[in-house]
K.L.:
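Quick one: this structure, given as structure tokens, is what I'll be asking you about.
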Amino acid sequence: MIMVFLLSGCGEADSGNPEIEVSEALGLMAEKEENGHFAAERIFSFYGDLYEKAQEAGTLGDLEVMRDCAQRLGEEGYAVVDEENQMDMINPEQVRLFCEAVDQKQPAELTLIVLDYSGGFLKYDLRTTDGRVEIDREYEQVINGSLKSSSTASYTADTWQYTEEGYLVFSGTYYSESYQVLLSSDVSEYAAIRVEPLKEACRALNRQYLLPVGYGQNNLFLVDWTETDYGELDFYDQFDQFYPRIYRRSNPYVADDNLNVGAVYQIPADTFETVIGSYYKIEEESLRQKTSYVPETETYEYRPRGFYESGYEDIPYPEVISYEKNSDGTITLLVNAVYPKENTSRAFAHKTVIRPLADGSFQYVSNQMIYPEEGYDSWWYAKRMTKEQWQETYGYEAGSLLSEAEKETLGEEALAAAGKAGEVYKDAVVEEDLIYGHVVKDFSRERRNRVVSLLGKAGCVSVTDGANMENPDLIQDFYDAYQEKQDAMVTVYEIHPNGVIGACTFVYRAGKIQTYYLQIAWQKGGIPEITSVAVSDVKQMKLTPKGYFIYAYEDTPYHASLRQYWRVAPLSDECREMTEKYVQGISYVNYNLLVTDWNSDNVEDILMPCMFADIYRIAMGEALQPVHGEVPADIYERIMTAYFPVTIQQVREICGYHADTDSYPYEMIFARQYPPFGEVVDFVENPDGTITLFVDGVWPDYDSDCAFTNRILIQPFADGSFRYLSNTIEKGELEIPMIGP
């Protein structure tokens, strides 16, 4: 194990134009990453020949190959196991000793290797002092025969336990810039690794009877049922599971390409009953009573799961821990559900009985939930909709303000409009995406602005982040008609950073507002295609005097804000540039930089450690990557004294300086929902070279685009850096946020 220490000086900050010289410290951090990859290369070298042979033989991913690779690493002294816990850990005593050290609050270190079935591995470097566990995790993939570092993370374990079932279970959170952009939160990571051995017969039974079905999108192992009473067992889900095994091909009865549209099939009775009858001893009459059988056509009405029935992906997995052969030839399996996300190796337990048949096939006989006694809430499992719920969700045309002919016309118009920008997408690199169908790789701001311009010239309302809306007068006309209670319609084309175009049509009729949303993705060669359709009721809509169009849906979409919005009125390029450089990403709700009146006389009032990550991003142009929850003092102090009129002494007294490690603690911010953001609406260049920014706090979720107004004094420097000198804030439409300690 190679340990790198970051050393830095303790001198006062220089006066005048500060320079942020952190290259040396960052270089050491880069060296640590390089050394870490070197260690990974060394690990791979111990079993690389086995990987190459398996790849040539087509046996890569076989359990026996995995065992051979693990054995090689075990001989080199590593604690090692496979990612699916299908073999006993090698050198488990290392893990036990480390866990004892954690319990006794003694210092210890451990490297734990988790092999994956594609040839790569996870490497956990664990350290403990005073009962706290620090984790460095690397994921190494084998690509074209070479080892590539896919991802790394460092975090402190929030949970850590060695369970009664013999598992090491731990979790923690770390910062990821891409994840912050997507969900405004840190990444949570969970692990459940079996340390204690398990009978191979239990694992073999698990692989044959439990794991192929699992707990995803079916309730076979989640409810009580027997051959005399099938209870709530969903046979449609069982049809999905077993059709490919019986007919040796993919299930043709699938959801519509547009997941917001419901599909309905009539499956011939012999097909449906053959699939179910192969795995269950059930009479035809009983099966028909528990499903939607149509006697006139001798078919089963079948509705495949759609978007709203997809359930949760991060789910537990079954593990057979014991079994008993019964006198009637059946086998009773005792099963624990291992759920890393809930930090448990026994989220629930059940007994499942199977009946092996003479031809090598088998049937499921019963399932009984046995733990916990009060029952388990399988919240991640989505039940299929009832017929009434399905009609209400997918049969939205009954409540739509648009006729089918109007919808068809809007679709044609949207594709025609998108085609106007086809030249921008013609040579773009298109990648498949589960949610959007296809997305464009590295779709730059310049390209997005070009699409906005082309659609604007075609007479469309078009917009993207960081650019003025084209043809905003059409929004004004629509809103005027809405206020006068006149029927109206307008379509806004929004270009997203992944190249997808959202065509959102607002319809006002008979006192009701709806949106008809078409998602347009791109095939290779610049060919647009509609990949999603949605109709939503709008409960509130407002066009502010300042020029923000703010609206709210009756039912807020998952992971969405309370309000949706666009800036309709134009904003000068200078104000946009200053917003991005000086204000973007600074929080009104997590620390008091923007909500306190301050200058050099009382600057200590705003020195809150949790703001450092945002200031670091502004200074360095990248997200902060703390090492074991610490930031080297050299980096911390140079940035803080560069961007604020403070001394190193002030920073050390207030921000938690650790003299023994010459570092500062990284204080993580847990993102709050729906915060306001700042927008520069005017500025004054002062005679002394400073700039006064006039900033509006925009808080769409409270229907305000001028919630409060800041006056921020900035001192720019010749090298492009700058310093915050002071701030004042005045209440606007809303109260100024209060920041806790």
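Since this is a predicted model, take the numbers as computed values, not measurements.
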K.L.:
Mind telling me whether Tyr302 and Tyr265 have parallel, tilted or perpendicular rings, with 30° and 60° as the class edges?
P.N.:
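Tilted.
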
K.L.:
Any non-hydrogen side-chain atom of Thr173 less than 4.5 Å from a side-chain atom of Asp158?
P.N.:
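They are in contact (side-chain heavy atoms under 4.5 Å apart), so the answer is yes.
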
K.L.:
Mark yes or no for whether Tyr425, through its side chain, and Ala421, through its backbone, hold a donor-acceptor pair below 3.5 Å.
P.N.:
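No; zero donor-acceptor contacts below 3.5 Å.
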
K.L.:
Knowing that exactly one of Trp699, Phe677, Phe708 qualifies, which makes a ring pair (Phe, Tyr, Trp, His ring centres under 6.0 Å) with Tyr588?
P.N.:
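Going through Trp699, Phe677, Phe708 one by one, the ring pair (Phe, Tyr, Trp, His ring centres under 6.0 Å) with Tyr588 is satisfied by Phe708 alone.
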
K.L.:
Give the minimum heavy-atom separation between Gly422 and Trp522, together with the two atoms involved.
P.N.:
CA-CZ3, 4.1 Å

K.L.:
Going by atom types alone, do Arg137 and Ser151 pair a side-chain donor with an acceptor below 3.5 Å?
P.N.:
yes

K.L.:
Testing the basics here: between Pro252 and Arg249, what is the closest heavy-atom pair and its distance to 0.1 Å?
P.N.:
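In terms of heavy atoms, the two residues are closest at CG-NH1, 3.9 Å.
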
K.L.:
Within the distance-only criterion (no hydrogens, no angle test), does the side chain of Trp566 pair as donor or acceptor with the backbone N or O of Val463 below 3.5 angstrom?
P.N.:
no

K.L.:
Evaluate the side-chain proximity of Ile586 to Ile615: yes if any heavy-atom separation is below 4.5 Å, no if none is.
P.N.:
yes

K.L.:
Checking Asn468 side chain against Leu571 main chain: does a donor-acceptor pair fall under 3.5 Å?
P.N.:
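Yes; at least one donor-acceptor contact below 3.5 Å.
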
K.L.:
Take Leu402 and Met489 through the test side chain to side chain contact (heavy atoms under 4.5 Å, CB included) and record every step on the way to the result.
P.N.:
CA-CA 10 Å; Leu402 296 171; Met489 185 186 307; 3.7 Å; yes

K.L.:
Is the distance from the ring center of Tyr479 to that of Tyr482 below 6.0 Å?
P.N.:
yes

K.L.:
Assess the residue pair Glu679 and Lys546 against the criterion (salt bridge (Lys or Arg N to Asp or Glu O under 4.0 Å)); give the C-alpha distance rounded to whole Å, side-chain angles, the decisive distance to 0.1 Å, and a yes or no.
P.N.:
CA-CA 12 Å; Glu679 176 182 70; Lys546 178 180 165 181; 3.2 Å; yes

K.L.:
Is any side-chain heavy atom of Met578 less than 4.5 Å from a side-chain heavy atom of Leu693?
P.N.:
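A side-chain contact under 4.5 Å exists here.
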
K.L.:
Please say whether more than 12 non-hydrogen atoms of neighbouring residues, nucleotides or ligands are located less than 6.0 Å from CG in Asp465.
P.N.:
no

K.L.:
Take the angle between the ring planes of Tyr215 and Trp380 and call it parallel below 30°, perpendicular above 60°, tilted in between.
P.N.:
tilted

K.L.:
Can you confirm whether Tyr247 is buried at OH, in the sense that more than 12 heavy atoms of other residues, nucleotides or ligands lie under 6.0 Å from that atom?
P.N.:
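Enclosed.
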
K.L.:
Would you say the side-chain atoms of Asp705 and Tyr565 include a donor-acceptor pair closer than 3.5 Å?
P.N.:
no

K.L.:
Take Glu470 and Lys420, measure what salt bridge (Lys or Arg N to Asp or Glu O under 4.0 Å) needs, and give me the verdict at the end.
P.N.:
CA-CA 15 Å; Glu470 294 281 342; Lys420 300 290 184 181; over 6 Å; no

K.L.:
Could you give me the CA-CA distance, side-chain angles and deciding distance for Glu404 and Lys407, then say whether salt bridge (Lys or Arg N to Asp or Glu O under 4.0 Å) is met?
P.N.:
CA-CA 5 Å; Glu404 290 303 313; Lys407 293 176 186 176; 3.3 Å; yes

K.L.:
Restricting to non-hydrogen atoms, name the atom on Arg303 and the atom on Glu301 that form the minimum distance, rounded to 0.1 Å.
P.N.:
NH1-OE1, 3.1 Å

K.L.:
I need the minimum non-hydrogen distance between Gly678 and Val695, along with the two atoms involved.
P.N.:
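Nearest pair, atom of Gly678 first, then Val695: CA-CG1, 3.8 Å.
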
K.L.:
Would you compute the distance between atom CG of Asp442 and atom CG of Asn498 and round it to the nearest 0.5 angstrom?
P.N.:
12.0 Å

K.L.:
Can a donor-acceptor pair be found, under 3.5 Å and without considering hydrogens, that links the side chain of Arg509 to the backbone of Leu401?
P.N.:
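Side chain of Arg509 to backbone of Leu401: a pair is present.
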
K.L.:
Walk me through whether Leu122 and Glu83 qualify under side chain to side chain contact (heavy atoms under 4.5 Å, CB included).
P.N.:
CA-CA 8 Å; Leu122 282 164; Glu83 63 177 339; over 6 Å; no

K.L.:
Below 4.5 Å, heavy atoms only, C-beta onward: do Cys575 and Phe683 meet side chain to side chain?
P.N.:
yes

K.L.:
Counting distance only, does the side-chain N/O of Glu494 pair as donor-acceptor with the main-chain N or O of Cys504 below 3.5 Å?
P.N.:
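Here the side-chain-to-backbone pair does not exist.
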
K.L.:
What are the two closest non-hydrogen atoms of Ser462 and Val452, and how far apart are they?
P.N.:
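Looking at all heavy atoms of both residues, the closest pair is OG-O, 2.8 Å.
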
K.L.:
Considering all heavy atoms of both residues, which atom of Glu733 and which atom of Ser704 are nearest to each other, and what is their separation?
P.N.:
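Smallest interatomic distance, heavy atoms only, reads OE1-OG, 2.6 Å.
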
K.L.:
Is there a donor in the side chain of Glu84 and an acceptor in the side chain of Tyr117, or the other way round, less than 3.5 Å apart?
P.N.:
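Side chains of Glu84 and Tyr117: no pair found under 3.5 Å.
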
K.L.:
Using a 4.5 Å cut-off on heavy atoms from C-beta on, say whether the side chain of Lys542 contacts that of Gln540.
P.N.:
no

K.L.:
Quick one: which residue pairs count as a ring pair (Phe, Tyr, Trp, His ring centres under 6.0 Å) with a foot in residues 529-549, not counting sequence neighbours?
P.N.:
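Passing the test, one end in residues 529-549: Phe506-Phe549, Phe549-Tyr551.
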
K.L.:
Check whether any side-chain N or O of Ser171 sits under 3.5 Å from a backbone N or O of Tyr190 as a donor-acceptor pair, and report yes or no.
P.N.:
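Not a single qualifying donor-acceptor pair exists.
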
K.L.:
Are Tyr508 and Val538 close enough that some pair of their side-chain heavy atoms sits under 4.5 Å apart?
P.N.:
no

K.L.:
Do Tyr582 and Val680 come within less than 4.5 Å of each other through their side chains, counting heavy atoms only?
P.N.:
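No, every pair of side-chain atoms sits at 4.5 Å or beyond.
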
K.L.:
If you draw a 6.0 Å radius around NZ in Lys457, do more than 12 non-hydrogen atoms from other residues or ligands fall strictly inside?
P.N.:
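Result for NZ/Lys457: open.
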
K.L.:
Looking at Gln141, is its backbone amide N or carbonyl O close enough to the side chain of Ser150 to form a donor-acceptor pair, meaning the two atoms are under 3.5 Å apart?
P.N.:
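No; zero donor-acceptor contacts below 3.5 Å.
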
K.L.:
Can you tell me if Asn590 uses its side chain to pair, donor with acceptor, with the backbone of Cys610 under 3.5 Å?
P.N.:
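Not a single qualifying donor-acceptor pair exists.
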
K.L.:
Can you tell me if Asp701 uses its side chain to pair, donor with acceptor, with the backbone of Leu562 under 3.5 Å?
P.N.:
yes

K.L.:
Once salt bridge (Lys or Arg N to Asp or Glu O under 4.0 Å) is applied, do any residues pair with Asp703, and if so which ones, sequence neighbours excluded?
P.N.:
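Asp703: salt bridge (Lys or Arg N to Asp or Glu O under 4.0 Å) contacts with Arg563.
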
K.L.:
Could I get the full list of salt bridge (Lys or Arg N to Asp or Glu O under 4.0 Å) partners for Asp237, not counting sequence neighbours?
P.N.:
Arg305, Arg384

K.L.:
Does any non-hydrogen side-chain atom of Asp234 lie less than 4.5 Å from one of Asn218?
P.N.:
no

K.L.:
Ignoring hydrogens and angles, tell me if any N or O in the side chain of Glu140 forms a donor-acceptor pair with the backbone of Ser149 under 3.5 Å.
P.N.:
yes

